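I have placed the structure first, in the form of structure tokens, so that the comments after it can refer back to it.
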Amino acid sequence: MGRHASTSTRPRGRGGILGLPTVADYSPQSIENKWQQWWTETGAFEVTEDPSRPSFYCLEMFAYPSGRAHVGHVRNYMIGDVVARLKRMQGANVLHPFGWDAFGLPAENAAIKNGLHPETWTLENIAYMKGQLQRLGISYAWGRELATCLPDYYQWNQWLFIRMFERGLAYRRRSTVNWCPLDLTVLANEQVIDGACWRCGTQVTSRELEQWFLRITQYADELLDGAARLTEWPEKVLTMQRNWIGRSEGVQARFPIADDEGRATAEAIEIFTTRIDTIYGATFVLIAPEHEQVERFGAESDDPTTFRRQAERFRQQDRLGRMSGEVAREGFDTGRRVLNPFTGETVPVWVANFVLGGYGTGAIMAVPAHDQRDFEFARTHALPVQVVVAPADGPAVPAESMTEAFTEHGVSVDSDEFSGLPTAEAWERMAASAAARGVGQKTVQYRLKDWGVSRQRYWGTPIPMIHCPSCGVVPVPDDQLPVVLPRVVEFSGKGESPLALVPEFVNVSCPRCGGAARRETDTMDTFFDSSWYFYRFTDAHNRTQAFDPARCNYWAPVDFYSGGVEHAILHLIYSRFFARVFRDLGMVAHDEPFTRLLTQGMVLKDGQVMSKSKGNVVDPDEMIARYGADALRLYVMFVAPPEKEVEWTDSGLEGSFRFLTRVWRMVEPLAPVLGVAPAVGDVATWSEAERALRRKTHQTVARLTDDLYPRVHLNTAISGLMELVNELYAFGDQTGLFKPGRRAAEDEATLTPDVPPSTLAAGCEAIEALVRLLSPFAPHMAEELWERLGHTGGIVAAGWPVSDPDVARDDALTLPVQVNGKVRGRIVVPVGASDQVLHAAALADPGVRTHTDGKTIAKVIIAPGRLVSIVVKG
RNA sequence: GCCGAAGUGGCGGAAUGGCAGACGCGACGGACUCAAAAUCCGUUGAGGGCAACCUCAUGGGGGUUCGAGUCCCCCCUUCGGCACCA
């Protein structure tokens, strides 16, 4: 540290060259450089496990290296940095790492467009963005930096994939998948937004492909139940996850297919319903155009050609309908009938375009009286309506006069022995009856589907599997990992997996039988990479394991995780899934990977999200060049609470710069004086102003400590700092400690204040607290001022200031007195005054008396330390 | 349509059921300056009063309470999420 002293703008102590000191105005650039270097050189943010200290894992969602970060991107890192720096000062062993979500399509698209290799493009972007983060002074443990596109990371993707394969959690199946015609790849359901690709916005189509899936549905219930214990997550995110999992309890029931005489055959259509209590009103059955019986019914129908054409049209239409959101409900009669297992009656089977092949059994019982869609369908096609539920408090509406379905619960009617039961009870009894007779059973359905992870692209983790003609699918042995992504590849942007065009990659011998075999050429969805990177950070350079469980469990789970709400159902649900997989592998000791989640709001410019294509990005480097990183950080943290969306304004940034300049102009000239200030000493001899400043200092410390964590009210914390500075300016003016508003090199007296030691002591205490409180927000300035105040070893070593509640407490309180709910006066009372004293003082107040004289006092409510409320009558 | 969040000065925002508008931006005034910028000090919800003060005011309407921006009910608006899930 000593070597930095020479960078000070003037010598310490009184008098400079020619005896006239100068006041250097705040110029952030050199300060920021100096401290960024110092942090790097001393490894200030590198950590190791230390069981003697509490650990704190602070993490921001890692970044996709898309080129340059704009202010909207970096807001998140600033939020995390405030928390990390605070926790460090509070004595925690803080893990605060950063890395790169470095596989993905933009790299590959850039390659196709510019002929640049994806790796080159990615690594160049990483280098640039890392520089940006360093220029912002984010306190990352860069020694743990990782990039998912490097073999020492993705090797463990492959290792984990094989473990999942061994446990049946990764499996292969042919299925209809979402296909993005622009990105030429498959998308998971979660990645299709309004029928369009989440990344490029292109309308998604469907394809039949052999795909790898991860059995996330095996954990569906656990993921759902676990949500209830995530008490430090935003309710909004939990709601989205619950909806996404979409658990619904119902009954799966068999409707036997009838022969020509209306007798049951051995075959049946299985339906799923959540309203088994309405089964006596099931007057027809609807099946999806994708249903397995459609082909057979078509073949056996009178006019197979028309049948098939209609079904095919529905299949196409259904896709389109999902994309546009609205398609008229249509259907046609299959000509077949099935038996209602409760009424024994035969009912017709129709194919309907609004029944989904992928949900439940792809078939439903239609109860037009009690389901609005079925009702409309029945009216359109003149199908019968049978009422089986009456409102709890009145008669059922007759079917003929119904104008809409009665979908609420009530009392069962016309339902044999179940008639007269409340529908909730009928539900249970009918479910039991179905089970007893072997025609159905309770089941749970999920909207959540298994996660399709195959991608027909180059720039991703190769799936470590080999297809052998005799042994089938064989995993690559662990000792042959990683399966390295071959460097030389054609990027035509056409066709299937680019890896399929690399013969030396594709052609392998089977690890089991040694025969000629073919390597899997699909790569993994990049969400695989991001589902466990937070564990890798805990042991980032382990060459023999994904991570050492002991190390991981020292740090994990992540104590504070922040990122965009757009990951509410993608990354955040996958990560919760992976945490459980690692748990079941015995590698982590917890269920939930992120204890606390903060979803930060976006930064808008001109009312819109910043984006390169809109040309409304604010470049952090440009702002740093003008105002410094500290001012930028302070502004972004001050403008609104972290969760909230904010609109960028230049004037707001100027205001924050002004505040820092105000701090600098006060502290910088005083620093040499305060560096030798006396200790607090006997406070009893202090002046009222000195004691008031001391009180404000301790109140501010308490306030910031409370605001910062776990509340993370960063904006109000900063306003607390501003109040303290305002108070200090008034104090300086009043006591002569310094002269606000003096100009550079103007007045030697301001720099050599002739004030009593108590004034110096009070000023010193306030300023040293201020500098430390400021340091999570404006770390460079804080370090610099701390050093100039005569301290060595960095500000983290100084620790977070502690408030003394006895000092912070006001010795007198001004309490409002209300009469009939309106403030009519104020009383000044000592802290801890008795109720009797408050009572008497309140009634004696002249302002109060004008409203109580001549009236009867009905009641006096005393809220200690708050107010006195008087109720009068007459 | 369903679920959720939110509506407070000119603007961003503050406020465990207890003095609404902290703090900042902007604006206005003053000091400093030959002048400007910068800086420092002040004023700044609306209306009334010479004044101490008074009245109104947190999207609208009701309610609970001594007391409501905050809790409850209804409505309006905005923003997010889900959206034929049977």
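Heavy-atom basis, side chains included; hydrogens, waters and symmetry copies ignored. None of these values were measured; they are calculated from a predicted model.
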The glycosidic conformation of B:rG49, counting syn as within 90° of 0 and anti otherwise, is anti
How far does the P atom of B:rU58 sit from the matching atom of B:rU8, given to the nearest Å? 11 Å
Base, sugar-phosphate or nothing for A:N243? Non-hydrogen atoms, less than 4.0 Å. nothing
Flag the pair A:F354 / A:F377 as yes when their ring centroid distance falls below 6.0 Å, and as no otherwise. yes
A:M722 vs A:L867, nearer the 5' end of RNA chain B by closest nucleotide: A:L867
Would you write out the dot-bracket form of RNA chain B, 5' to 3', with Watson-Crick and G-U pairs under 3.5 Å, [ ] for crossing pairs, | for pairs to other strands and . for unpaired bases? (((((((..(((.....[....)))((((((.......))))))((((....))))..(((((..]....))))))))))))....
Checking B:rU55, B:rA15, B:rA86 against the side chain of A:K822 (C-beta onward), the nearest is B:rU55
Scan A:S869 against the nucleic acid and name what it touches under 4.0 Å (heavy atoms): base, sugar-phosphate only, or nothing. base
Does A:R658 make a side-chain N or O approach to OP1 or OP2 of B:rC25 shorter than 4.0 Å? yes
Look at the side chain of A:R329 and the base of B:rC84, then say whether one donor and one acceptor between them are separated by less than 3.5 Å. yes
Considering every strand and a 4.0 Å limit on heavy-atom distances, what is the contact class for A:S656: base, sugar-phosphate, or nothing? nothing
Gap in Å between the two C1' atoms, one belonging to B:rC41 and one to B:rA57, rounded: 30 Å
Return no unless some side-chain N or O of A:N715 is found under 4.0 Å from OP1 or OP2 of B:rC23. no
Looking only at side chains, do A:R662 and A:N726 share a donor and an acceptor under 3.5 Å apart? yes
Atom C1', compared across B:rA20 and B:rU55: separation rounded to whole Å: 16 Å
Return no unless some side-chain N or O of A:R662 is found under 4.0 Å from OP1 or OP2 of B:rC41. yes
Say we look at B:rC53 and B:rC40: how far apart would their C1' atoms be, to the nearest angstrom? 32 Å
